[in-house]
Amino acid sequence: MNSKMSDLEEEYEDKKKDREYLEDLEQELELADDEEPVRYKIGDAFIHMFSEAAQGRVVGDKDQVISEIETLKTEMDDLSVEMEALKKVLYARFGKSINLEK
């Protein structure tokens, strides 16, 4: 459980960084010239699209990342509750002879 929590925390931090990058990109696209196409990365390739279309794409991507962040946060909270309950049982059984902290 502890390793799963560490994995979830790492993924959570990565998604938060992705959200920040998308927010920065959204602000940059608002300042971009609407007449000139911008390069937008999809997978490993870049495609040219107008900034209005790219803004829509960024908003959709940002919404998806926010949803993933909320899901990860819920999973982390649920796992934390489960770990706390397990800690109580183990401490009740073994007392101070067991160390369950990170």
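In what follows, residues are counted from 1 in the order of the sequence shown.
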Under a 4.5 Å side-chain heavy-atom rule over Ile, Leu, Val, Met, Phe, Trp and Tyr, are M1 and L90 clustered together?
-> yes
Does atom OH of Y21 have more than 12 heavy-atom neighbours, drawn from other residues, nucleotides or ligands, at distances under 6.0 Å?
-> no
Are the charged groups of E84 and K87 less than 4.0 angstrom apart, N to O?
-> yes
Shared hydrophobic cluster for L25 and F50 (ILVMFWY, side-chain gaps under 4.5 Å) | no
Under 4.5 Å between side-chain heavy atoms, hopping through other hydrophobics if needed: is there a path connecting V38 to I42?
-> yes
Kindly list each side-chain donor-acceptor pair under 3.5 angstrom involving residues 52-78, sequence neighbours excluded, with atom names and distances?
unit_1, atom_1, unit_2, atom_2, d
Q55, NE2, L29, O, 3.2
D61, OD2, Y40, OH, 2.4
K62, NZ, E26, OE1, 2.8
Q64, NE2, E68, OE2, 3.3
E68, OE1, K15, NZ, 2.6
T71, OG1, S67, O, 3.0
T74, OG1, E70, O, 2.9

Residues M83, L79; criterion side chain to side chain contact (heavy atoms under 4.5 Å, CB included); working and verdict | CA-CA 6 Å; M83 287 173 64; L79 190 57; 4.1 Å; yes
Between V89 and F94, is there a shared hydrophobic cluster once you connect ILVMFWY residues whose side-chain heavy atoms come closer than 4.5 Å?
-> no
From S6 OG over to K4 NZ, what is the distance, rounded to the nearest 0.5 angstrom?
-> 12.5 Å
Determine whether E36 and S51 make a side-chain contact, defined as any pair of heavy atoms from C-beta on separated by less than 4.5 Å.
-> no
